[in-house]
Structures are given as C-alpha cells and as structure tokens.
Amino acid sequence: QVQLVESGGGLVQAGGSLRLSCAASGSIFSIGAMGWYRQAPGKQRELVASIFSDGRTNYADSVKGRFTISRDSAKNTVYLQMNSLKPEDTAVYYCNADLLRTDFRILRNYWGQGTQVTVSS
C-alpha cells in the first residue's frame with residue numbers, strides 16, 4: 001500500500017546533470033527523514049545525501065558541492081540534483097524514508113527499488 005518510486009536515472013556524459021525524484025505514494029500521513037543511497041557493482045551501499053524533517057541535510061564527502069538534496073512535503077517527494085557528474089557516480093541510486101502511515105503505523109528505513117545512473121567518460 002505504500003511505495004517509494006525513484007525516477008530520473010539514465011545515461012549521461014561526464015560533467016552532465018541528472019535530477020532524481022523519489023515519490024512516496026499510498027496511505028502516508030507524514031514522512032520523516034529521507035535519503036539517497038547508491039550502490040555500485042562490487043561496492044557496499046553508501047549514503048549519498050539525507051534530509052531531515054527540519055530541513056537539515058548531510059552529504060557524502062564525494063558529492064559535496066555537486067549534489068543537492070531537497071524535498072517537497074506537499075508532494076511527498078524528495079529530489080537529488082546531481083551536477084558535474086563523474087564516472088565514479090555510476091551506481092544504482094535508492095531512495096529511503098521513514099514513513100508514518102495514515103493508520104499511524106511506522107515504517108522505518110523503507111526502500112525504493114532503485115534507479116540506474118550511468119556516467120560515461
């Protein structure tokens with residue numbers, strides 16, 4: 001009944017930009033912290049950026065100055081603007097969120113299915 005759906009991934013040249021979206025749908029009352037993670041082949045999944053309900057943000061050192069996370073509470077959506085992309089950014093990007101359902105049941109660390117980002121040189 002609750003879904004996180006990522007979109008916006010694709011193939012881009014190094015130096016280009018992509019904007020990822022993660023839309024939460026279903027019987028959601030509110031959303032707490034949200035974050036973007038990524039996992040490259042042979043690598044551990046890592047936190048890219050997170051945003052809390054009070055607007056505080058955190059970024060991995062590798063993306064600071066290039067990526068920006070934001071959220072639109074009215075649309076239950078979190079975005080990741082990715083600029084100056086590098087081949088090293090190639091990975092599957094996953095959305096994660098803490099959700100409060102309309103029945104007030106809490107879903108912690110709820111994951112989307114991921115979207116592929118490929119950066120070519």
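We number each residue from 1, following the sequence as shown.
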task: Might you work through the side-chain contact (heavy atoms from CB on, under 4.5 Å) test for Ile31 and Leu100, ending with a clear yes or no?
output: CA-CA 6 Å; Ile31 303 174; Leu100 179 65; over 6 Å; no
query: Can Phe104 be reached from Ile106 by stepping across I, L, V, M, F, W or Y side chains whose heavy atoms are under 4.5 Å apart?
result: yes
- request: Verify, without hydrogens or angle tests, whether Thr90 (side chain) and Glu88 (backbone) share a donor-acceptor contact under 3.5 angstrom.
  value: no
- prompt: So, Tyr110 side chain and Val2 main chain: donor-acceptor pair closer than 3.5 Å or not?
  reply: yes
message: For a quick test of reading the model, state the closest non-hydrogen atom pair linking Thr77 to Ser21 and the distance between them.
response: CG2-CB, 4.4 Å
- prompt: What are the two closest non-hydrogen atoms of Met82 and Tyr93, and how far apart are they?
  reply: SD-CE2, 3.9 Å
message: I'd like to know if Val92 and Val63 are part of one continuous hydrophobic network [Ile/Leu/Val/Met/Phe/Trp/Tyr, side-chain heavy atoms within less than 4.5 Å].
response: no
field: Atom pair OG/CZ of Ser27 and Arg105 - distance to nearest 0.5 Å
entry: 11.0 Å
With sequence neighbours excluded, residues passing salt bridge (charged side-chain N to carboxylate O under 4.0 Å, His left out) with Lys43: none
- prompt: Is the gap between the ring centers of Tyr59 and Phe67 under 6.0 Å?
  reply: no
statement: So OG1 of Thr57 and CZ of Phe52: to nearest 0.5 Å the spacing works out to 9.0 Å
message: Strictly below 4.0 Å, N to O, side chains only: are Lys64 and Asp61 in salt-bridge contact?
response: yes
statement: In short, Val78 meets Ser70 closest at the heavy-atom pair CG2-O, 3.1 Å
task: Establish, from distance only, whether the side-chain atoms of Ser17 and Asn83 form a donor-acceptor pair under 3.5 Å.
output: yes
query: Once you round to the nearest 0.5 Å, how far does CG of Leu4 lie from CG of Asn96?
result: 7.5 Å
message: Quick check for you: to the nearest 0.5 Å, what is the distance between Ile69 atom CD1 and Asn58 atom CG?
response: 9.5 Å
query: So how far is it from Lys86 NZ to Ser120 OG, rounded to the nearest 0.5 Å?
result: 15.5 Å
- prompt: How close do Met34 and Cys95 get, heavy atom to heavy atom, and via which atoms?
  reply: CE-SG, 4.3 Å
query: How about Tyr37 and Trp111: are their ring centroids closer than 6.0 Å?
result: yes
field: Euclidean distance, Asp98 CG relative to Asn109 CG, rounded to 0.5 Å
entry: 5.5 Å
query: Is the side chain of Glu6 donor-acceptor paired with the backbone N or O of Cys22 at a distance under 3.5 Å, no angle test?
result: no
Acceptor/donor pairs from residues 112-119 side chains to any protein atom, 3.5 angstrom cut, sequence neighbours excluded:
unit_1 : atom_1 : unit_2 : atom_2 : d
Thr115 : OG1    : Gly9   : N      : 3.3
Gln116 : NE2    : Ala91  : O      : 3.4
Gln116 : NE2    : Thr118 : OG1    : 3.3

Over-ring placement of Arg19 relative to Tyr79, 6.0 Å and 45° cut-offs: yes
task: Please confirm whether Arg38 makes a cation-pi placement over Tyr94, using NZ or CZ under 6.0 Å from the six-membered ring centre and within 45° of the ring normal.
output: no
